[in-house]
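Below is one structure, written out as structure tokens; comments come after it.
Side chains are part of it too, since the values below use all heavy atoms of this structure and drop only hydrogens, waters and symmetry mates. Each chain gets a letter, A, B and so on, in the order the sequences are listed, and its residues count up from 1.
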Amino acid sequence: MKKGDHLFLVDGSGYIFRAYHALPPLNRKSDGLPTNAVLGFCNMVWKLMRDARDTDVGVTPTHFAVIFDYSSKTFRNDLYPEYKANRSAPPEDLIPQFGLIRHATRAFSLPCVEMEGYEADDLIATYCRMAEEAGADATIISSDKDLMQLVSPAVSMYDPMKDRQIGIPEVVEKWGVPPEKMIDLQALTGDSIDNIPGVPGIGPKTAAQLLEQFGNLDTLLARAEEIKQQKRRESIVENADKARISRELVTLRRDVPVKEVPDDFLLEPSDGPRLVAFLKAMEFTTLTRRVAEATGTDAGAIEAAEVPVERADTAHGPDMEATPAEAADEAGTEAATMKDEGDTPSLLSALRAEAATAEKIDVDAYQTITDLQTLKDWIDEAFETGVVAFDTETTSLDPMQAELVGFSLATRPGRAAYVPLGHKEGAGDLLGGGPVEGQLPVREALAELKRLMEAPSVLKVAQNLKYDLVVMSRYGIDVAPYDDTMLISYVLDGGAARGHGMDALSEKWLGHKTIQFGEVAGTGKSFIGFENVAIDKATRYAGEDADVTLRLWQVLKPRLAAKGLVSVYERLERPLVPVLARMEQRGVSVDRQILSRLSGELAQSAAAIEEEIYGLIGERINIGSPKQLGEILFGRMGLPGGSKTKTGQWSTSAQLLEDLAAEGHELPRKIVDWRQLTKLKSTYTDALPGFIHPDTGRVHTSYALAATTTGRLSSSDPNLQNIPVRTAEGRKIRTAFIADKGHRLVSADYSQIELRVLAHVADIPQLKQAFAEGADIHAITASEMFGVPVEGMPSEVRRRAKAINFGIIYGISAFGLANQLSIPREEAGAYIKKYFERFPGIRDYIEATKTYAREFGYVETVFGRRIHYPEIRSPNPSVRAFNERASINARLQGTAADIIRRAMIRMEPALAQARLSARMLLQVHDELIFEVADGEVEATIPVICEVMESAPMPARSLSVPLKVDARAAHNWDEAH
DNA sequence: ACAGAAGCTTA
DNA sequence: GTAAGCTTCTGTT
């Protein structure tokens, strides 16, 4: 390097953050990979390389390098452990872009410089010194004030986003001091973002004034007594040490032992094909064209580069579950082959997986926290790392009843602690139950917990967070921001894993068998409740939960980006957690009297039928026992047609009994009736009152977010998604679900949502038109198939078409349709054939789905949710056919599930914005139930319908309108 | 005390 | 033909 040369140094790390926030979101069209910062970076670099002379810099670079931070830990952390401790985790959309920008740098044939233990700023300072010593000039591409201390006659800065050069006059103008005094100025003012203390009460204006007066920091500190203003004087005298440590922190190192020297940064002509290949892979059309033109590259002849952002997971066979060893091996291979390619999502995945499993899980290493100061220290540590895994231990599996017994935290793999709060002495002791000595004062501990849980700069990680959210909320604690490892696993492996519980995830990803809850608290009769577990035992169990959760997060979270599933997690899963937590907490009113009266009526009717049955068969058997019943009906009484179940028992299914009844037999009808009544009684009228919460007087169901393969929710304890509706008897149970005084229940349900989704994804003109016109879809189908006009169509014809429409959604088979319609299989087959002739698009859609599922091992919903079918390539034809039907159904059911999830996530803000107090209580797959104040019903219904009908927007726009029917009434039966 | 089968409820 | 959860019975532990 020599006089006249000009070195450009891009602060790559700084640029990424600034561009990410300043530029509008941008996602790669083909898969949604976030790329806004990458595009900003490429545009900027391209412009500076080509025509820097035309910018405010006004010179052409001869040397060019991009400098990055190596990691967040540097020598400054040793000087001052709190350094940059306030930094929160980077946004989700940004993480994959770190690696991409390093790729971009290489695609531009530019050196990519970073060094362990040093920040990018130190490298920049060092290279500036080297350039100056060589008599050359340098321009730092950054507007960060931390770099302004480097500005000199030979060194200036350039803000690429404002096209503004920053020289000595600009620094003086902005800060009131020349560049060489910037260090002292920063030492006084500090920096809240980097957590540099500075002197409290001294801002840039005061600092500049003081430096003007005293010349420099040392003089100022030595002669601080001369300061006139009392407050200012005291603060400076008192905080002189903070000022000195701050100065050390902000002073950039100009003597980093760098490996490359500025001579290595000689700017060479762009490698057109290489650059075009990268830009094509990023799908930056305009820039690709521009670069191709300028470098004389034939863009059409260049293939998009293989940028290692891991895509479809087809690496291992469909029937094989990767063992932990295999998973680690796979990760290891990736790390080895991509080491010099930069921090790609896959590399990040591999590195994180390695870190999470590197240290063995040792449950005896966890700490029990028994004093407040230790808890504070742990929480401070969480603030430093920015991520903490936590878990609550309670007295009950039901979060609405659970009392907090303790909680655990993990700040990094292997480092976890348990905080016992409510452990009791002497289990089994009659007078026992006094608190165990040496536990923290609950109030103070909860205040500390709240400080951590609500801190915006610390990401809280939990496994099945909704449970903890409900418990925490009952203790007045909100949790945000957060991640849920169970949901991440669900998004990654929906359909591919048996479950997403912590025990299974730990074994799969960490190769570690967790302590079972039952081993700690006992099971069944020996269950003692967590509050009676000894604290050392509880520490091992709870500490492990937090430790494992943190490790799982480290392994799983990067995989989302690597597989392009970030938006599914962020848009369809994570935001739903607090929405469901609130719905569960609200509960729904159930009228005990109505249920008790119904129960009595059902008991009477059932008893009467029971007597008649005994009369007919001549003995008092257990009618509820299919075994005894079968032996009587088909053995002793010799009724015809009895088929056997797979265990060799006589089948006594309702379908079969109905058939027998149709042939004129008296007994089967009575058995069917008896079963219906006893079912209603045992499952609903008898069981529901037991779920009424003693304090709230309402029923609080539990929604599972990660239980179904398709993305639907499930409801349990009690299941409020299968409350009867089909029969008049059953519907009576719904009359017991009532609104609060002065309120109504509003039920809003999507009309034919899955058929509409089918019309959209399979792109069927006749169906789309029918939905657009609001026509009777089953009648239209029948009319198309049988050539019968819709007017005056026999109901049987419409019924058959309806069965076929539903059959399609279920992945139709002649066998199933024949069963449904009670017709021969040949006839059903002929219907299906005819249907496909009239709607060839549906046959194409079904075939395309099967082919896709076979090739990739999964299908995707319209919103990108992946549903795996690992057995779709099974050699067993019936297993294969089952998986094919399921995968056809999954795209439709899953898309519908995604749509209502989106509606639920938006519902509360929409209602709040409309200043309505309606409360969402229940979800039943295509229906939402609200409790609405009497006076607001009219205003609320249109808001609900609008949110539901526009739920796919703006992510997707369906080619078929969605229709929602909503009604208000005093109880669920009338509202539905 | 628990697990699986059968049967029934919903969308 | 798809997706769920709960109750009862039955056999095993």
Fill in the blank from the handout: Checking C/dA3, C/dC6, B/dC2 against the side chain of A/Asp717 (C-beta onward), the nearest is C/dC6
Handout entry: Test item: A/Tyr490 and A/Thr708 side chains (from C-beta on) under 4.5 Å apart, heavy atoms
Key = yes
Handout entry: Any side-chain heavy-atom pair of A/Thr781 and A/Phe839 under 4.5 Å
Key = yes
Practice task
Would you indicate what A/Ile812 reaches in the nucleic acid, counting non-hydrogen atoms under 4.0 angstrom: base, sugar-phosphate, or nothing?
Solution key: base
Problem - Separation of atom CD1 in A/Ile671 from atom C1' in B/dC8, rounded to whole Å - result: 15 Å
Exercise for the section: State which of C/dT2, B/dG7, C/dA3 makes the closest approach to the side chain of A/Arg712. Expected result: C/dA3
Exercise for the section: Identify whether any heavy atom of A/Gln676 sits under 4.0 Å from a base atom; if not, whether one sits that close to sugar-phosphate; answer base, sugar-phosphate or nothing. Expected result: sugar-phosphate
Handout entry: Any side-chain donor near an acceptor of the partner, A/Glu610 and A/Trp674, under 3.5 Å
Key = yes
Handout entry: Phosphate contact (B/dA6 OP1 or OP2) by A/Ser651 side-chain N/O below 4.0 Å
Key = no
Practice task
Please work out if A/Ala704 contacts a base, only the sugar-phosphate, or nothing of the nucleic acid, heavy-atom cut-off 4.0 Å.
Solution key: nothing
Problem - Distance-only polar pair, side chains of A/Arg675 and A/Thr652, donor-acceptor under 3.5 Å - result: yes
Exercise for the section: Tell me, yes or no, whether the heavy-atom count around A/Glu666 atom CD, taken from other residues, nucleotides or ligands under 6.0 Å, exceeds 12. Expected result: no
Problem - Nucleotide of C/dA4, C/dT2, B/dG7 approaching A/Asn889 most closely (side-chain heavy atoms) - result: C/dT2
Exercise for the section: Check the distance between B/dT10's P and A/Glu754's CD and give it to me in whole angstrom. Expected result: 16 Å
Completion exercise
For nucleotides 7-13 of chain C, 5' to 3', base contacts (B), sugar-phosphate-only contacts (S) and non-contacts (-) with protein non-hydrogen atoms under 4.0 Å give SSSSS--
Practice task
May I have the distance from A/Leu656 (atom CG) to B/dG7 (atom C1'), rounded to whole angstrom?
Solution key: 13 Å
Handout entry: Polar side chain donor-acceptor pair, A/Asp686 to A/Ser599, under 3.5 angstrom
Key = yes
Problem - Interatomic distance where CG belongs to A/Leu629 and P belongs to B/dC8 [whole Å] - result: 10 Å
Practice task
Tell me whether the OP1 or OP2 atom of C/dA4 has a side-chain N or O from A/Thr709 closer than 4.0 Å.
Solution key: yes
Exercise for the section: Nearest whole angstrom, please: distance from the P of B/dG7 to the CD1 of A/Ile623. Expected result: 15 Å
Completion exercise
Here the residues of residues 718-726 of chain A within 4.0 Å heavy-atom distance, strictly under, of DNA chain B are A/Gln721, A/Asn722, A/Ile723, A/Pro724, A/Val725, A/Arg726
Practice task
Select base, sugar-phosphate, or nothing to describe what A/Ala803 touches, counting heavy atoms under 4.0 Å on all strands.
Solution key: base
Handout entry: Distance-only donor-acceptor check, side chains A/Asp673 and A/Gln676, under 3.5 Å
Key = no
Practice task
Kindly state whether the ring of A/Tyr831 and the ring of A/Phe786 have centres lying under 6.0 angstrom apart.
Solution key: yes
Practice task
Indicate whether OP1 or OP2 belonging to C/dA3 is found under 4.0 Å from a side-chain N or O atom of A/Thr710.
Solution key: no
Exercise for the section: Let me know the distance between CD1 of A/Ile867 and P of C/dA3, rounded to the nearest Å. Expected result: 10 Å
Handout entry: Test side chain to side chain contact (heavy atoms under 4.5 Å, CB included) applied to A/Ser874 and A/Asn883, step by step
Key = CA-CA 9 Å; A/Ser874 166; A/Asn883 278 271; 5.8 Å; no
For residues 888-907 of chain A, tabulate all N or O donor-acceptor pairs below 3.5 Å that involve a side-chain atom, not counting sequence neighbours.
unit_1   : atom_1 : unit_2   : atom_2 : d
A/Asn889 : OD1    : A/Gln893 : NE2    : 3.3
A/Asn889 : ND2    : A/Ile809 : O      : 2.9
A/Arg891 : NE     : A/Glu860 : O      : 3.4
A/Arg891 : NH1    : A/Thr849 : OG1    : 2.9
A/Gln893 : OE1    : A/Thr710 : OG1    : 2.7
A/Thr895 : OG1    : A/Val862 : N      : 3.2
A/Thr895 : OG1    : A/Arg891 : O      : 2.5
A/Asp898 : OD1    : A/Arg865 : NE     : 2.8
A/Asp898 : OD1    : A/Arg865 : NH2    : 3.2
A/Asp898 : OD2    : A/Thr861 : OG1    : 2.6
A/Arg901 : NE     : A/Gly711 : O      : 2.9
A/Arg901 : NH1    : A/Leu572 : O      : 3.0
A/Arg901 : NH1    : A/Glu573 : OE1    : 3.0
A/Arg901 : NH1    : A/Glu573 : OE2    : 3.0
A/Arg901 : NH2    : A/Leu705 : O      : 3.2
A/Arg901 : NH2    : A/Gly711 : O      : 3.0
A/Arg902 : NE     : A/Ala951 : O      : 2.7
A/Arg902 : NH2    : A/Pro952 : O      : 3.3
A/Arg902 : NH2    : A/Met953 : O      : 3.1
A/Arg906 : NH1    : A/Met953 : O      : 3.2
A/Arg906 : NH2    : A/Met953 : O      : 2.5

Practice task
Assign A/Ser813 to base, sugar-phosphate, or nothing according to its heavy-atom contacts below 4.0 angstrom with the strands shown.
Solution key: base
Problem - Atom-pair distance (CG on A/Leu758; C1' on C/dA3), nearest Å - result: 17 Å
Handout entry: Integer-rounded Å distance: B/dC8 C1' and A/Glu658 CD
Key = 13 Å
Practice task
Looking at every strand, decide which applies to A/Ser715 at a 4.0 Å heavy-atom threshold: base, sugar-phosphate, or nothing.
Solution key: sugar-phosphate
